[in-house]
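Below: the structure, in structure tokens.
Side chains included, hydrogens not; waters and symmetry mates left out as well; all remaining heavy atoms used.
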Amino acid sequence: SIITFTVTHLRGRVRLYLVDLAGSERVDKTHAVGDTFKEGKSVNSSLLALSRCVQAMSSNGDYVPFRENTLTHFLSECFVWGGTLQLLCCASSSAASEPETKNTLNFADVAKR
């Protein structure tokens, strides 16, 4: 889900996007089928595209591939025209979630650069 807040003030307009991509999308863990499986694939695709954009921004690349995915295209203001991107990554302390937690922390490490 995506929530957008727009604030207009004397110096211009500011948008805040809150995007929730939380949850385990691993099929072997969720046993998802049908529409739930399709939604999980879509979330994984969005996370991969977001990861590519974050990596491009953190390496100060001239090109950020935000057109590759609906989510990143929607968030294009964050990737171009002097926009900024702030991420909040949540991790679990559960041993059962160790692989997802490691992936989340690796993603956050790339993003902080």
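Residues Leu71 and Leu87 are members of one and the same hydrophobic cluster, defined by side-chain heavy-atom contacts under 4.5 angstrom among Ile, Leu, Val, Met, Phe, Trp and Tyr. By the criterion of side-chain heavy atoms lying less than 4.5 angstrom apart, applied directly or through intervening Ile, Leu, Val, Met, Phe, Trp or Tyr residues, Val19 is not grouped with Leu48; the two fall into different hydrophobic clusters.
Judged by distance alone, the side chain of Ser42 and the main-chain N or O of Lys38 form no donor-acceptor pair under 3.5 Å. A donor-acceptor contact shorter than 3.5 Å links the side chain of Thr101 to the backbone of Ser92.
In this structure, Leu105 stands alone, with no Ile, Leu, Val, Met, Phe, Trp or Tyr side-chain heavy atom under 4.5 Å from its own, directly or through other members. Ile3 belongs to a hydrophobic cluster with Phe5, Leu16, Leu18, counting contacts under 4.5 Å between side-chain heavy atoms of Ile, Leu, Val, Met, Phe, Trp and Tyr, direct or through other members.
Judged as a side chain to side chain donor-acceptor pair (under 3.5 Å), and not counting sequence neighbours, the contacts of Ser45 are Asn69. Under the side chain to side chain contact (heavy atoms under 4.5 Å, CB included) criterion, Arg11 pairs with His9, sequence neighbours left out. In this structure Lys102 satisfies the side chain to side chain donor-acceptor pair (under 3.5 Å) test together with Glu98, sequence neighbours excluded. With sequence neighbours left out, Arg67 forms a salt bridge (Lys or Arg N to Asp or Glu O under 4.0 Å) with no residue at all.
Aromatic pair Phe74/Phe66: ring centres not closer than 6.0 Å.
In terms of heavy atoms, Tyr63 sits closest to Ala56 at O-CB, 3.5 Å. The two atoms that bring Thr104 and Cys90 nearest to each other are CG2-O, 3.5 Å, heavy atoms only.
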